[in-house]
Amino acid sequence: MTVSTRKRVLVTGVGGPAGVAVLRSLLKRADVEVYAGDMDGWASGLYLVDANHRRILEPGLSPTFVAGIRQLCLDDRLDVVISTVDVELPPLAAARDDLAGAVLAAPSVATLNVTLDKWELAQRCAPLLRVPVTRLFNTDGAALNWTFPVIVKPRRGAGSRGVRLVADRAALEAIEPDEGLIIQEHLPGDEFSVDVLAAADGTVVAAVPRTRTRVDSGVSIAGRTVHDEGLESTAAAVAKAIGLRGVANVQLRRDTEGVPALLEVNPRFPGALPLTIAAGVDMPSLALDIALGIDIPTTLDFKDLANVRFLEDVFIDPSEILQSEHAAHQDDPGEE
């Protein structure tokens, strides 16, 4: 009997563009068996892997989510778990040493605590790089002599959910003070997403800026990579400030002087990752190597490349659709 030496990797959140991008990257590797997991049996990425490698998961906010992942690690003898969903990251990171021997390819609890709280992120990075003026939305914060318009947004939360452009003082004072929100200087310049990869020792191996030329529901559907020292060095400084190991997406916008300034950090694989991969930096595969203790290059360059995106169909027999209690409904807003 031949025993497979291929590493077994579970990718979660495969109904979203980030999960699909990670799957497609890892499916190219002959040394990996890829398992796909999602809470919804209609998640498209489930049907990109072999039928016996499809798994229905509990929602990331469920109190039994981690226990379910741990059981899968045991049952499927998984080597690595890769999550692409924001709400899954904190509970998984907290259970990093209790996943039945599987390695979690995700940021640490400390890194997540900083990046998932936009107030804490601004406080951490402001001494090191350009950060928009940021205050908690309390009475003192609202009373600051702001130049309007300003941005009001939740301290926590993914993507552009809850972000408001407030035009003037009257509109700001009409909002009830809430320290679950922050007020932030509005920056007028172009916005960029920078996909960053940091090695196990924290060395930034690659920082790949890309434009968000066309955006649909918070996801970039057209853009291009750009070589820009200011964007790359700023994103690398953010990665070092938050103690990044692995992959994150750093969002920057230029101020009135053209200086790149930090907006936020998504501590996970981004939905527009295929452009970065095609430009020469295969971050999912490299992140897997880091998790497995395999040496990776100390630095990686990328090429100038543009992309446009479109919906793509996966056709399967109806009998193959997995049943799940948590299937998304048509009126659900969905995730980025």
Side-chain angles (χ1 to χ4, degrees), residues 115 117-138 140-175 177-178 181-196 207-239 241-242 248-266 270-272 275-276 304 306-307 336:
T115 58
D117 185 328
K118 297 178 179 65
W119 169 246
E120 292 295 336
L121 178 65
Q123 296 289 98
R124 174 71 61 87
C125 293
L128 306 171
L129 52 107
R130 174 71 164 99
V131 174
V133 176
T134 304
R135 296 290 186 273
L136 290 174
F137 191 10
N138 52 28
D140 290 341
L144 197 69
N145 186 25
W146 294 100
T147 298
F148 290 89
V150 295
I151 298 292
V152 174
K153 59 186 176 182
R155 284 179 63 167
R156 292 181 171 271
S160 58
R161 295 182 185 88
V163 177
R164 287 173 277 184
L165 183 66
V166 181
D168 52 37
R169 170 62 61 181
L172 183 65
E173 292 179 351
I175 303 172
D178 179 356
L181 302 173
I182 59 173
I183 313 172
Q184 200 164 58
E185 170 192 6
H186 175 55
L187 302 177
D190 292 333
E191 184 175 340
F192 298 86
S193 283
V194 188
D195 297 333
V196 183
V208 183
R210 47 184 173 77
T211 66
R212 292 163 57 84
T213 307
R214 296 286 185 274
V215 177
D216 183 8
S217 302
V219 177
S220 175
I221 59 171
R224 57 166 296 182
T225 55
V226 291
H227 282 86
D228 185 292
E229 174 59 30
L231 296 171
E232 294 169 43
S233 61
T234 301
V238 172
I242 64 175
N249 171 254
V250 179
Q251 294 189 331
L252 306 175
R253 188 187 288 272
R254 296 194 190 278
D255 65 12
T256 54
E257 305 296 323
V259 176
L262 174 64
L263 293 182
E264 60 185 77
V265 176
N266 299 306
L275 176 56
T276 296
D304 291 329
N307 77 324
E336 177 186 340

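Put simply, the side chain of L181 reaches to within 4.5 Å of the side chain of R164, judged on heavy atoms. R135 has its side chain out of reach of D140: every pair of non-hydrogen atoms, C-beta onward, lies at least 4.5 Å apart. No side-chain heavy atom of Q123 sits under 4.5 Å from any side-chain heavy atom of D117.
Side-chain N or O atoms of R210 include none that pairs as donor or acceptor with a backbone N or O of T276 at under 3.5 Å. No donor-acceptor distance shorter than 3.5 angstrom exists from the side chain of D255 to the backbone of L187, with no hydrogens or angles considered. Checked by atom type and distance alone, the side chain of S220 never pairs as donor or acceptor with a backbone atom of R212 at under 3.5 Å.
Counting heavy-atom neighbours within 6.0 Å of R169 CZ, excluding the residue itself, gives a total above 12.
Between L262 and L252, the shortest heavy-atom contact is CA-CD2, 3.8 Å. Shortest non-hydrogen contact noted between N249 and S193 is ND2-CB, 3.4 Å.
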Exercise. Please walk me through it: do V238 and V194 pass side-chain contact (heavy atoms from CB on, under 4.5 Å)?
Worked result: CA-CA 11 Å; V238 172; V194 188; over 6 Å; no
Problem set entry | Steps toward side-chain contact (heavy atoms from CB on, under 4.5 Å) verdict (N266, Q251) | CA-CA 8 Å; N266 299 306; Q251 294 189 331; 3.7 Å; yes
For this session: Please assess V152 against I182 for the test side-chain contact (heavy atoms from CB on, under 4.5 Å), listing each intermediate value before the final yes or no.
Result: CA-CA 6 Å; V152 174; I182 59 173; over 6 Å; no
For this session: Carefully, step by step, assess E185 and T147 under the rule side-chain contact (heavy atoms from CB on, under 4.5 Å).
Result: CA-CA 8 Å; E185 170 192 6; T147 298; over 6 Å; no
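The distance from atom CZ of R253 to atom CD1 of I151, rounded to the nearest 0.5 Å, is 7.5 Å. Note that CG of D190 and CG of L231 are 10.0 Å apart. Values are rounded to the nearest 0.5 Å. From I183, atom CD1 reaches atom CG of L172 across 5.0 Å, with rounding to the nearest 0.5 Å.
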